[in-house]
Amino acid sequence: MWQRLLRLLSTGLNAYSFYTNPVRFVTSILLVIILPYLAYIFWGTLIILVLIAVGIFLIYKAITSSTEGSNNY
């Protein structure tokens with residue numbers, strides 16, 4: 001019974017907020033839907049940038065260690 005009452009109340013509030021400002025209502029729903037994907041993109045980008053930096057550092061170390069022993073000027 002309480003679930004039905006809460007569902008009815010939330011439906012009424014959603015309908016009222018849509019009636020008062022439909023652009024804000026639709027925008028807020030789209031933001032709630034898109035926000036997790038934006039978080040995945042942000043953290044994925046950070047991880048990729050860290051992996052690129054580590055890869056460049058390791059390649060640099062490999063090149064400098066291989067040229068240390070040779071004195072070919």
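These numbers come from the heavy atoms of this one structure, side chains and all, not from hydrogens, waters or symmetry mates. Nothing here was measured: the structure is a model prediction, and the numbers come from that model. Residue numbers count from 1 along this sequence.
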Please list, one pair per line, the donor and acceptor atoms closer than 3.5 Å that link side chains of residues 28-47 to other protein atoms, with sequence neighbours excluded.
| residue | atom | partner | partner atom | Å |
| --- | --- | --- | --- | --- |
| S28 | OG | R24 | O | 3.2 |
| S28 | OG | F25 | O | 2.7 |
| T45 | OG1 | I41 | O | 2.6 |

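- Remark: R4 pairs with R7 by the side chain to side chain contact (heavy atoms under 4.5 Å, CB included) rule, at least two apart or across chains.
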Name the atoms and distances for all side-chain donor-acceptor pairs under 3.5 Å in residues 51-61, with sequence neighbours left out.
none

